[in-house]
J.: 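Input: one structure, supplied below.
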Amino acid sequence: MMFQLDLKATPFNLEHTLRCGQVFRWEKTGDWWYGVVSDEAIKIRQIGGALLFQSFPDRVSIEFLKSYFRLDDDLSKILGEINRDEHVGAAIKALNGLRIIRQDLWESLISYMCAAHVSIPAIKNVILNLSKGLGKEVSFDGRVFYTFPKPSDLAEARLEDLKRCGLGFRAERVLEASKKVNSGDFGLETLRGMSYEEARGELLSLSGVGHKVADCVLLFSLDKLEAFPVDVWMKRIILGFYPRFFTADFVERVLARRSITPREYEKISSFGRKYFGRYAGYAQEYLFHHKRSEKLYQG
DNA sequence: ACATCCCCTTAGCC
DNA sequence: AGGCTAAGGGGAT
């Protein structure tokens with residue numbers, strides 16, 4: 001059945017939230033966004049202060065969506081705290097209502113492992129291929145969707161099948177991590193009770209998870225809003241907007257090279273956490289999407 | 001122990 | 001249209 005979630009003057013913008021590159025399972029057709037969330041096919045649209053949605057097999061509740069879109073976050077307060085200068089201020093002005101999504105932990109771990117050195121359009125295809133090959137088919141609204149594979153589905157997959165989904169050199173790492181999660185050797189759910197540093201340490205023990213992937217998992221599915229993921233875009237944004245917080249030598253060196261070392265990552269990421277504070281992850285997402293949308297809407 | 005260099009698949013984009 | 005780059009990470013040196 002069709003549900004309506006009343007936003008009650010809560011700042012929220014569905015477009016910015018689904019377009020900003022944090023999730024890979026949503027596509028817009030006409031007025032509706034279609035996606036797959038926790039084994040459900042779902043469609044959703046925003047009309048003013050209301051969210052309309054319908055899912056199949058009809059188990060997505062209003063409460064679930066409130067949690068998924070983090071509607072309990074006091075966004076006005078968060079944006080007030082991170083609004084430290086004209087750069088992030090411009091992003092907030094342009095993207096007000098963008099929210100971090102609270103993603104499924106298992107799916108975000110695998111998704112961001114797959115995202116290593118891959119463009120966003122290509123990530124979406126990899127995730128879709130994995131779901132087509134190893135997930136469950138769900139028909140809804142005259143379309144076919146595929147749920148995200150379970151740990152056992154991926155753990156029991158053949159390496160060649162994963163590579164055929166477009167995982168490339170990430171296939172071995174994804175397979176190994178899936179086996180560890182599936183066997184209980186890696187306690188994914190135990191991360192929930194840990195601090196940012198503790199959980200990050202655990203995630204880094206997985207082959208295929210470095211600082212960037214760990215920060216994405218921490219931010220997007222472990223409620224660590226202080227996490228500040230630094231990819232190639234954020235590297236340029238931070239060193240471009242805030243060079244005065246680094247030595248000229250550091251800025252020049254890091255901008256000149258393709259990839260950054262763990263130490264360089266830590267310098268940039270910890271700057272973000274200190275400069276923007278406990279909600280640094282929100283600042284990251286606003287800066288990231290604002291910079292990228294310049295290109296996306298160019299032509 | 002720590003840092004740097006080099007390699008890794010694949011595909012979308014210019 | 002071929003080259004470059006991509007929400008990086010691991011391993012050798």
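Every value quoted in this text rests on a predicted model; they were computed, and no experiment measured them. Excluded from the calculations below are hydrogen atoms, water molecules and symmetry mates; all remaining heavy atoms, backbone and side chain alike, are included. Just so we're on the same page: letters track the sequence lines, and every chain starts at 1.
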J.: Mind checking A:Leu204 for me? I need base, sugar-phosphate or nothing, with any heavy atom below 4.0 Å counting as a touch.
T.: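 Since no nucleic acid heavy atom lies under 4.0 Å of A:Leu204, the category is nothing.
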
J.: Salt bridge check: are A:Asp153 and A:Lys150 linked by an N-O gap of less than 4.0 Å?
T.: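 No, no charged N to carboxylate O under 4.0 Å.
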
J.: Whole angstrom is fine here: how far is it from CG in A:Leu109 over to P in C:dG8?
T.: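 Value for this atom pair: 16 Å.
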
J.: What's the closest nucleotide to the A:Arg263 side chain, out of C:dA7, B:dA3, C:dG9?
T.: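 Selected nucleotide (nearest to the side chain): B:dA3.
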
J.: Sticking with atom C1', work out how far C:dG11 lies from B:dC2, rounded to a whole angstrom.
T.: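 About 15 Å, rounded to a whole number of Å.
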
J.: Classify the nucleic acid contact of A:Glu172 as base, sugar-phosphate or nothing, counting any heavy atom under 4.0 Å across all strands shown.
T.: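 No contact at all - A:Glu172 keeps every heavy atom at 4.0 Å or more from the nucleic acid.
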
J.: Hey, which sits more toward the 5' end of DNA chain C by its nearest nucleotide, A:Ala214 or A:Arg258?
T.: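 The residue mapped nearer the 5' terminus is A:Arg258.
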
J.: Looking at A:Glu264 and B:dA3, is any side-chain donor or acceptor paired with a base atom of the opposite kind under 3.5 Å?
T.: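 No pair found.
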
J.: Give a yes or no on whether A:Lys179 atom NZ has more than 12 heavy-atom contacts from other residues, nucleotides or ligands under 6.0 Å away.
T.: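 No, not enclosed.
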
J.: Decide, applying a 5.5 Å centre-distance limit and a 30° plane-angle limit (both strict), whether A:Phe288 stacks on C:dA7.
T.: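 The ring of A:Phe288 is stacked on C:dA7.
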
J.: For the base of B:dT9, is there a side-chain donor-acceptor partner from A:Arg170 under 3.5 Å away?
T.: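 Such a pair is found, so the answer is yes.
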
J.: Would you check if A:His117 stacks with the base of C:dG8, given a 5.5 Å centroid limit and a 30° plane limit, both strict?
T.: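 Yes, A:His117 stacks on the base of C:dG8, since the ring centres sit under 5.5 Å apart and the planes are within 30°.
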
J.: With sugar-phosphate meaning primed atoms plus P, OP1 and OP2, does A:Arg164 contact a base, only sugar-phosphate, or nothing at under 4.0 Å between heavy atoms?
T.: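 No contact.
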
J.: Within the 4.0 Å heavy-atom criterion, would you say A:Arg257 contacts the bases, only the backbone, or no part of the nucleic acid?
T.: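 A:Arg257: backbone/sugar contact only, no base atoms under 4.0 Å.
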
J.: Taking only the P atom of each, what is the distance from C:dC4 to B:dC7 in whole angstrom?
T.: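 Their P atoms lie roughly 15 Å apart.
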
J.: Look at the aromatic rings of A:Phe276 and A:Tyr242 and report parallel, tilted or perpendicular, splitting at 30° and 60°.
T.: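 Judged by the thresholds at 30° and 60°, the geometry between A:Phe276 and A:Tyr242 is perpendicular.
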
J.: Answer with base, sugar-phosphate or nothing: what part of the nucleic acid does A:Val230 contact at a heavy-atom distance below 4.0 Å?
T.: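 No contact.
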
J.: Between A:Glu266 and A:Arg273, is there a salt bridge with N-O shorter than 4.0 Å?
T.: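 Yes, charged N to carboxylate O under 4.0 Å.
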
J.: Starting the side chain at C-beta, find the nucleotide from C:dG8, B:dT4, C:dA7 nearest to A:Ser259.
T.: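 So the nucleotide nearest the side chain must be C:dG8.
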
J.: Using the C1' atom in both, what is the distance from B:dA11 to C:dG10, to the nearest Å?
T.: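 After rounding to an integer number of Å, I get 22 Å for this pair.
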
J.: A:Val126 near the nucleic acid: base, sugar-phosphate alone, or nothing, with a heavy-atom cut-off under 4.0 Å?
T.: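 The answer is nothing, as A:Val126 stays clear of every strand by at least 4.0 Å.
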
J.: Donor-acceptor check, side chain of A:Gln284 to backbone of A:Ala227, threshold 3.5 angstrom: yes or no?
T.: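 Side chain of A:Gln284 to backbone of A:Ala227: no pair is present.
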
J.: Hey, does A:Tyr265 reach any base, or is it just sugar-phosphate, or nothing, if we go heavy atoms under 4.0 Å?
T.: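 It contacts nothing in the nucleic acid.
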
J.: Indicate, with a heavy-atom threshold strictly under 4.0 Å, whether A:Gly208 touches base, sugar-phosphate, or nothing.
T.: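 Contact class for A:Gly208: sugar-phosphate only.
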
